[in-house]
K.L.:
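Sharing a structure with you now.
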Protein chains: 2
Amino acid sequence: MSESLALSASLEDYLEAIFHIAADKKVARSKDISNRLGVNNSSVTGALRALAERGLVNYAPYDLITLTDEGKAVAEDVIRRHEALRDFFVRVLSIDAQTAEEGACKMEHVIPQSILERFIEFVDFVELCPRAGTDWIQKFESFCKGVPDRQLCSECITLVEGKPESKPDEGRERQAGTITLGDLKIGQRARLVKVRGQGEVHKRLIDMGMVPGVVIAVERIAPLGDPIDFKLRGYHLSLRKEEAKLVTVAVLEEGRV
Amino acid sequence: MSESLALSASLEDYLEAIFHIAADKKVARSKDISNRLGVNNSSVTGALRALAERGLVNYAPYDLITLTDEGKAVAEDVIRRHEALRDFFVRVLSIDAQTAEEGACKMEHVIPQSILERFIEFVDFVELCPRAGTDWIQKFESFCKGVPDRQLCSECITLVEGKPESKPDEGRERQAGTITLGDLKIGQRARLVKVRGQGEVHKRLIDMGMVPGVVIAVERIAPLGDPIDFKLRGYHLSLRKEEAKLVTVAVLEEGRV
DNA sequence: GTACTATCTTCGTCACGCCTAACATTGTTG
DNA sequence: CAACAATGTTAGGCGTGACGAAGATAGTAC
Ligand SMILES: [Mn+2]
Ligand SMILES: [Mn+2]
Ligand SMILES: [Mn+2]
Ligand SMILES: [Mn+2]
């Protein structure tokens, strides 16, 4: 009747499984659980003993298996985490149902509480904010599909191509025109406008993911200003200053984002 | 010289640690690693042997520790996952640095490849799309802080309060006015407009998280139409039909989002 | 060179979580 | 009510990952 230490990922999955099976068939049998989790029957016995010791399931050998009230509460919490992650993956990131399900069921065991709450808020928010919403997610989808020939909204295209803004939004652009990757300081972030040069060098840069619209951050600059360590699309990338100068960019605002 | 099976979460963390230590001090010593990971010195020896067996570290007893080329590549991949998650948490979800760091370092070991890529795309996208961007994230932040007195942009407020739209956007609202939670069908989603009633019942609904602007989905309806299972803010919630009728809502579009 | 200290390894132990094989129970069915 | 198949349990083993205690090594101090 006390949870003592936190449950292992494995035991959380057992609880989750029992809850779902019981929701269908009222009680769970060992076989149902082993089928659902794809483990050997004897593993289930072991898990049930561990869960019974913690007062989370009612279990006696050869008897039917049910969750205690406390077990039910814990199972519901696991399921909440599972569904929150899955919903975010499907609704916001447009991940396919199966991957979302599998990924959620792994991550649910390790995600910190405060991050989980934010995921949930985020899904709500995206559905509420009129600047976001359906439209916005569809744009995100086509944005993903468009790599490396990335499609942006017309407004973005304008921005990326460095034409002066007509909308009095904010000073999103510092100075359009001739800024290159070689001009950036550590910590600055920029959108790629164009890769100059030709032949081998040009091709090599493109192959590295240097396509218009991509966001690039300067991570580090070596003592003598060469080479420079960039990050784009999650990858680190080291360029000679000569190469960096071939890449025209539009600097993004400092600070967050 | 062969990775054979996938590395365990623990071994990935060792690689990550060695990489970072080596980045600072050129070589790693056992002590550095045990300090960084908060683990006993003897555990490090064990891990190093396992990593050496897989050809990921150069290791001989009492000798200096370095990563092999393959080990370096694997470490870089782990770090990519770590940073992608962390950046998403910090830049998009506005999670504090430490929680983001810790959460990322747990989740990095279980996140499916395709979901990771989407996270990375997402951060890029948010920074690129003019309908999103800094503004949008700031709104998300105040949205989070505002629970339960949620602040929306003026446009959203209008929508939530059910006034007919003036902008010819889309038919986002089905029929404003008198739709309640009791009128929804399974799978439908709605924004909460107002909780009617008074006294105990009213208070109880508010306590359950029924505040204006929240998104509610109908998960299940019992055989005789009572009770109804809802989901809001990641929680499941079961209401009597009587109670559900007290909650005025605005239906969201069918399908995705 | 010996002594001392910081560092590292070895060894024995434990807790998980899964497996297989052998054994036990249950409930059906002729 | 046997005989049987289905289901569940036990025992024994393997791999991982951590720990502490005790012994080994390397580098510095005298
Ligand atoms: Mn799971
Ligand atoms: Mn799950
Ligand atoms: Mn980690
Ligand atoms: Mn990490």
Side-chain angles (χ1 to χ4, degrees), chain A residues 2-18 21-22 24-54 56-67 74 78 102 105-106 108-110, chain B residues 2-18 21-22 24-67 74 78 105-106 108-110:
Chain A
S2 64
E3 60 271 50
S4 61
L5 274 77
L7 288 175
S8 65
S10 170
L11 290 186
E12 285 191 344
D13 279 342
Y14 280 103
L15 278 186
E16 208 183 5
I18 296 168
I21 294 165
D24 284 3
K25 318 170 53 173
K26 208 67 199 162
V27 290
R29 283 174 317 165
S30 189
K31 188 82 180 307
D32 301 322
I33 303 172
S34 60
N35 279 345
R36 181 176 242 266
L37 294 180
V39 297
N40 191 287
N41 228 306
S42 60
S43 306
V44 176
T45 305
L48 289 176
R49 268 208 292 243
L51 291 171
E53 248 169 44
R54 288 167 222 236
L56 300 175
V57 301
N58 301 119
Y59 167 71
Y62 297 105
D63 209 350
L64 296 174
I65 300 153
T66 52
L67 293 172
V74 176
V78 178
E102 291 169 0
C105 208
K106 285 185 190 157
E108 72 194 0
H109 310 292
V110 292
Chain B
S2 65
E3 59 272 50
S4 61
L5 274 78
L7 288 175
S8 64
S10 169
L11 290 185
E12 286 191 344
D13 278 343
Y14 279 104
L15 278 185
E16 208 183 5
I18 296 169
I21 293 165
D24 283 4
K25 319 171 50 175
K26 209 65 198 161
V27 290
R29 284 173 317 166
S30 189
K31 188 83 179 306
D32 300 323
I33 304 173
S34 61
N35 278 345
R36 181 177 243 266
L37 294 181
V39 100
N40 192 289
N41 227 305
S42 58
S43 308
V44 176
T45 306
L48 289 176
R49 267 207 293 244
L51 291 171
E53 249 168 44
R54 287 168 224 235
L56 300 176
V57 303
N58 301 119
Y59 166 71
Y62 296 106
D63 209 350
L64 297 174
I65 301 154
T66 53
L67 292 172
V74 176
V78 178
C105 208
K106 286 184 190 157
E108 72 194 0
H109 309 293
V110 293

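Because the structure is predicted, anything quoted here is derived from the model rather than measured.
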K.L.:
Do B/S42 and D/dG20 have a side chain to base donor-acceptor pair shorter than 3.5 Å?
P.N.:
yes
K.L.:
Would you tell me if any nitrogen or oxygen in the side chain of A/R29 comes within less than 4.0 Å of OP1 or OP2 on D/dA6?
P.N.:
no
K.L.:
Tell me the interatomic distance from A/N41, atom CG, to D/dT9, atom P, rounded to whole angstroms.
P.N.:
8 Å
K.L.:
Round to a whole Å and report the spacing from OH of A/Y59 to C1' of D/dT10.
P.N.:
10 Å
K.L.:
Using the side-chain heavy atoms of A/V39, tell me which of these nucleotides is nearest: D/dC19, C/dC19, D/dG23.
P.N.:
C/dC19
K.L.:
Measure from CD1 on B/I65 to C1' on C/dT9 and round the result to the nearest Å.
P.N.:
12 Å
K.L.:
What integer distance in Å separates A/K25:NZ from D/dT7:P?
P.N.:
10 Å
K.L.:
Calculate the interatomic distance between B/L51 atom CG and D/dT16 atom P; express it in whole Å.
P.N.:
12 Å
K.L.:
Taking only N and O in the side chain of A/R49, is any of them less than 4.0 Å away from OP1 or OP2 of D/dT9?
P.N.:
no
K.L.:
In whole angstrom, what separates B/L7's CG from D/dG15's P?
P.N.:
17 Å
K.L.:
Return the 5'-most residue of the pair B/D63, A/S43 with respect to DNA chain C, ranking by each residue's nearest nucleotide.
P.N.:
B/D63
K.L.:
How long is the gap from CG on B/L15 to CG on B/L67, to the nearest 0.5 Å?
P.N.:
6.0 Å
K.L.:
Looking at A/N40, I'd like to know whether one of its side-chain N or O atoms comes within less than 4.0 Å of OP1 or OP2 on C/dT20.
P.N.:
yes
K.L.:
Counting only side-chain nitrogens and oxygens, does B/Y14 get under 4.0 Å of the OP1 or OP2 atom of D/dA18?
P.N.:
yes
K.L.:
Below 4.0 angstrom from OP1 or OP2 of C/dC23, is there any side-chain N or O of A/Y62?
P.N.:
no
K.L.:
With A/Y59 as reference, evaluate A/L64, A/T66, A/T45 under the side-chain contact (heavy atoms from CB on, under 4.5 Å) test and give the passing residue.
P.N.:
A/T45
K.L.:
At what distance, to the nearest 0.5 angstrom, does CD of B/E12 lie from CG of B/L51?
P.N.:
10.5 Å
K.L.:
When the distance from CG of B/L37 to P of D/dA18 is rounded to whole Å, what number comes out?
P.N.:
9 Å
K.L.:
Take atom CG of B/L48 and atom P of D/dT16, then tell me their distance rounded to the nearest Å.
P.N.:
16 Å
K.L.:
Give a yes or no on whether a donor-acceptor pair under 3.5 Å exists between the nucleobase atoms of C/dT10, that is its base, and the side chain of B/T45.
P.N.:
no
K.L.:
With distance as the sole test, does A/D13 use its side chain to make a donor-acceptor pair with the main-chain N or O of A/S10 at under 3.5 Å?
P.N.:
no
K.L.:
Contact class for B/S8 (heavy atom, under 4.0 Å): base, sugar-phosphate, or nothing?
P.N.:
sugar-phosphate
K.L.:
Once rounded to the nearest 0.5 Å, what's the spacing between atom CG of B/L56 and atom CG of B/L7?
P.N.:
6.0 Å
K.L.:
Closest nucleotide of DNA chain C for A/S10 versus for A/P61: which of these residues is on the 5' side?
P.N.:
A/S10
